[in-house]
Every structure is written in structure tokens, then in C-alpha cells.
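Each remark here refers to the structure printed beneath this line.
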Amino acid sequence: MNGNSDVLISVRNLKKYYNKGEIRALDGISADIHKGEVVVIIGPSGSGKSTFLRSLNLLERPTDGQILFEGEDITDSSVNINKLRMKMGMVFQHFNLFPHLSVLDNMTLAPRKLLKMNKADAESKAMELLRKVALEDRAKAFPAQLSGGQKQRIAIVRALCMSPDVLLFDEPTSALDPEMVGEVLDVMKDLANEGMTMVVVTHEMGFAKEVATRVIFMDDGVMIEEATPDQIFDNPQSDRLKTFLAKVL
Amino acid sequence: MTFLLSMPAWLQKLYDDFKLNFIDKDRYNYIFKGLGITLEVTFFAVLLGIALGMVIAIIRTTHDKNISDMSMGPAKVIIKILNLIAKLYLTVIRGTPVVVQLMISYFIIFASSNNKVMIAVLAFGINSGAYVAEIIRSGIMSIDNGQFEAGRSLGFNYVQTMILIIMPQAFKNILPALANEFIVLIKETSVSGYVGLQELTKGGDIIRSQTYSAFMPLIAVALIYLVIVIFFSKLITLLERRLRNNER
Ligand SMILES: Nc1ncnc2c1ncn2[C@@H]1O[C@H](COP(=O)(O)OP(=O)(O)O)[C@@H](O)[C@H]1O
Ligand SMILES: [Mg+2]
């Protein structure tokens with residue numbers, strides 16, 4: 001796996017312990033994420049999916065192990081994590097739009113302040129992305145005026161405004177009313193088709209089957225199985241995965 | 001003059017009292033000049049208090065939010081020391097009466113200076129800072145951590161996230177509480193007479209000591225405080241309503 005030029009993120013023996021090792025949220029995870037892949041992470045609640053995802057951009061500091069992003073070990077304390085995070089977009093379960101800013105300002109804040117884009121360029125890029133998710137008429141709205149599905153679509157394009165190399169999703173549809181799940185998944189499918197590298201924690205098994213290039217099944221802080229969606233869903237190997245699938249499918 | 005002569009005795013007495021306390025020897029000046037000093041000290045003390053409170057609040061929340069994630073190093077040591085100083089300041093200021101702090105400032109710390117207004121501004125500002133710090137801290141803490149994470153995940157550093165994302169939201173929540181600090185301070189400065197500062201209360205007291213008539217000057221002083229406080233309370237209510245309406 002070393003030297004493989006299309007590896008974007010390489011995770012090596014990642015561990016995250018809480019309460020001095022009493023809770024092992026991640027207990028030695030290794031995985032490679034290649035450019036253009038859509039990796040979907042599934043597993044029971046509390047299995048460490050969020051902790052894994054949030055470690056990738058260091059929102060959680062690993063207890064041990066390495067994360068190489070574009071060849072650089074981001075767990076090294078000399079690395080400027082803020083620079084790297086600009087290239088790793090993140091979409092949260094609860095959207096986390098900035099309520100004091102309009103949709104347009106939500107989207108242009110980071111490009112203007114961090115990439116030093118001028119206002120006109122940042123706004124025209126934002127409008128273009130808004131058109132892609134059919135929300136250009138909501139540019140001047142404030143987050144509180146949007147539906148959940150609209151908020152999440154905005155959160156996705158807000159992340160895209162930074163032109164990231166990878167997008168991390170932590171249960172992007174779990175906080176949505178059922179009728180809004182589809183519109184968000186559609187946006188994610190479009191992104192996948194355009195070749196965006198994505199790591200997605202989700203309970204939407206239909207999305208995993210249809211869009212994932214690879215599925216990782218986690219339980220108790222370890223990776224139990226890692227395979228193509230067909231293999232995971234039609235030919236599960238471990239009892240734990242079989243039990244899990246029996247519950248969710 | 002027939003009108004005056006025909007005034008009832010109590011009204012005549014009231015008029016004489018008024019004339020003695022406020023008009024004779026231009027004694028109203030004690031009230032007006034005193035009011036000016038009260039407002040001046042309060043205004044600058046509030047500004048100092050907010051500036052100081054902001055710094056202390058940022059130190060305290062930075063410490064609480066980050067210390068468990070920080071690896072040992074100079075940054076961690078500095079934050080720990082700053083946090084200790086901030087805590088000490090909060091404990092001492094909130095654990096002692098403001099009059100005592102004022103007297104210590106005047107008679108000990110700034111014993112060589114006779115600029116009473118400046119000393120009062122410093123004493124009340126430093127005192128107010130401790131209370132404002134806790135107001136701002138609660139405002140920051142009331143913002144959902146997801147806001148913080150969203151900011152950091154976009155690539156903003158800690159300070160940028162604080163200034164661009166957290167503070168604007170926190171400030172909106174605590175604006176009424178900050179405005180209330182002005183009301184608290186305007187009343188608190190009435191103890192400045194202890195160091196001989198001739199603000200509103202002291203002005204009234206000087207008149208009383210000259211005329212040996214307590215009623216008029218003290219009631220006048222009380223009424224002036226009351227009017228100012230009611231005025232600012234109304235302003236805060238309006239402000240709160242505006243802020244609520246702005247929540248879209
Ligand atoms: N800040 C924390 N302190 C202590 N335990 C935590 C913390 N965050 C997560 N955990 C624990 O780590 C485990 C994995 O959590 P998480 O990654 O959120 O699981 P998932 O996203 O798969 O539901 C759980 O047992 C959870 O209780
Ligand atoms: Mg989770």
C-alpha cells in the first residue's frame with residue numbers, strides 16, 4: 001500500500017481510547033481510501049463509526065496509530081491541521097449551518113477568509129453549486145427558514161465551496177424526516193458519479209448497495225469485514241455481520 | 001406676590017427647602033456635576049469591564065475546551081498559567097466588596113495619584129470585568145459544540161472559529177445581560193464617596209451636610225437614579241424584543 005499514488009487516506013492501526021483505556025472506541029483500524037472511491041461504513045450504534053470518521057480530520061485526536069493524508073502523517077504534531085482540513089470537507093448529522101449567516105454567507109465564509117477568494121468569485125462559485133442542488137432561490141435565506149433536507153444540501157455545498165479532495169459524511173440523513181432523505185441521497189449520488197472521493201457513515205443500506213465502491217462493517221471498535229457491497233450484503237462472512245444485516249434489512 | 005402669600009404653609013416650606021438646597025449658592029451644581037461624573041465613570045468602567053471580561057472569558061473557555069486534547073508543551077503551560085490567573089482574579093474580585101476594592105485602589109495601589117475619576121473607572125471596570133467574564137463565558141458555552149466543529153472542519157483555526165462563528169452568536173444571546181451590567185454599575189458607583197469622588201450620591205450628601213436638610217437632596221438623588229435605571233431597563237426590553245424578532 002505504500003507508494004500507491006491513488007491512495008488518498010491511509011489509516012494504520014488507529015486507536016482511540018477514552019477513560020484511560022476503559023472505553024476502546026477504536027481498537028486498531030487499518031484502511032486505505034483511494035481517490036474516487038465511495039467508502040460506506042456500517043455497523044451497530046456505538047461501534048466506533050463516528051470516532052473513525054472524525055479521526056480522519058482530527059476532530060478526534062487518536063490515542064495511537066497513523067493517518068496519512070496525501071502522503072503526510074496528519075497525527076504528527078508539526079502538521080498544520082487547519083490547512084489539511086480545508087481539503088477534507090465534513091457533513092454532520094445535525095447540519096451545523098451557521099444560524100447567524102445567510103445561506104450565501106455560510107458558503108462563502110471559508111473560501112473568502114481561508115482561500116482569500118474575492119467576494120464576487122466566492123459568490124459566483126456558491127451560486128453555481130446552489131443551482132446544482134436546486135436551491136439557488138434560497139441564497140439569501142437564513143438556516144432557520146430552511147427544511148431539514150434543504151439544510152443538509154446546503155451543508156454539503158458549503159463543504160464543496162472549499163473544493164475538497166474528500167468529503168466525510170457522518171449519518172447525513174439520520175436527523176431528517178423520511179420524506180427528505182431522498183433529496184439528500186440524490187445529491188450524494190450525483191457527487192459520487194462525478195468522481196468525488198467520499199467516506200460515508202450511514203444506515204441507508206440502499207445507498208450503500210447502489211453507490212458504494214466498498215463497504216466497511218465495524219463492530220466494537222474494529223473492522224470486521226471490508227468488501228464490495230455485493231459481497232457484504234449477499235455473502236456476509238462473519239456471524240456479527242449476518243446478525244447486523246438481519247436487523248437492518 | 002399675593003399668590004405666594006396665599007400659598008399653604010406646607011407648600012411654602014417645600015419651596016423654601018427647594019430653594020435652600022438647590023438654588024442658594026448654586027447648589028444644584030453638586031447634583032449636575034455629580035451626575036456627569038457618575039455617567040462618565042459608569043460608561044468607561046463598562047467598556048473596561050467588557051474588554052477585560054472578554055479576555056478572561058476567552059482564556060477560561062479556551063482552557064476548558066482544549067486542555068484535555070493538548071499534548072504537553074509550552075502552549076499548554078501558558079494556557080494553564082493564564083487560566084490560573086483568570087481564576088484567581090475571578091475569586092478575589094467576586095469574593096470581596098467593591099467598596100473595599102475601590103478603597104484599596106485609591107489608598108494603596110494608586111496612593112500616589114489623585115485622579116479620582118480614573119481610579120474609580122479602573123476599580124469599577126476591573127470589578128465589572130469579573131461579572132462580565134462569567135456572562136460571556138456562559139454565552140460561549142451556550143453555543144452548540146457542532147458550530148465549533150463545523151468551523152474547525154472547514155479549516156478555521158481556534159481563534160478564527162471563535163471570532164467568526166461562536167462570538168457573534170454568543171454576543172447576541174448575552175447582549176441584554178451586558179446592557180444590564182450598565183444598570184448595575186450606575187448604582188454601584190454610588191459608593192465612590194468613600195474615596196472622596198464627587199459623583200451623584202456624594203453631591204447630594206454634600207448639599208445635605210451644608211443645609212442640614214436631608215429630604216430634598218437625597219430624594220432628588222434617588223429620583224435621578226430611578227429615572228436613569230427605568231430608562232435603560234426599557235431600552236433593554238426593546239433590545240430583547242428586537243433580537244427575538246431578528247431570529248429568523
Ligand atoms: N467523548 C467520549 N467519551 C467517552 N466515550 C466516548 C466518547 N465518544 C465516543 N465514546 C464511546 O466510543 C464508542 C464509539 O462511539 P461512536 O464512534 O460515536 O460510535 P458510532 O458512531 O458507531 O455510534 C461508544 O462506546 C461511545 O460511547
Ligand atoms: Mg455515530
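Below, chain A is the first sequence line, B the second, and so on; all start at residue 1. Note: hydrogens, waters and symmetry copies are ignored here, and every other heavy atom, side chains too, is used.
Only the side chain of A:M162 comes within contact range of chain B, with heavy atoms under 4.5 Å apart. For A:L101, no part lies near chain B; criterion is any non-hydrogen pair under 4.5 Å.
Here the CD atom belonging to B:Q147 is positioned 12.5 Å from the NE2 atom belonging to A:H94, to the nearest 0.5 angstrom. From B:F148, atom CZ reaches atom CG of A:N96 across 12.5 Å, with rounding to the nearest 0.5 Å. In this structure, the separation between CG on B:L154 and CG on A:N106 is 9.0 Å, given to the nearest 0.5 Å. For the atom pair B:S153 OG and A:R158 CZ, the distance stands at 7.0 Å (nearest 0.5 Å). Distance check, rounded to the nearest 0.5 Å: CG of A:N82 to CZ of B:F156 gives 10.0 Å.
Listed for the B:Q160 side chain is no donor-acceptor partner under 3.5 Å among the backbone atoms of A:K113.
Counting heavy atoms from C-beta on, the side chains of A:M90 and B:E149 never come closer than 4.5 Å. No side-chain heavy atom of A:F98 sits less than 4.5 Å from a side-chain heavy atom of B:P168.
Among the candidates A:L109, A:L168, A:L58, the residue making the largest number of heavy-atom pairs closer than 4.5 Å to chain B is A:L109.
No more than 12 heavy atoms of other residues, nucleotides or ligands lie within 6.0 Å of CD in A:E22, so this atom counts as exposed by the packing criterion.
Side-chain contact check for B:R152 and A:N57: no donor-acceptor pair (N or O, by modelled atom type) lies under 3.5 Å.
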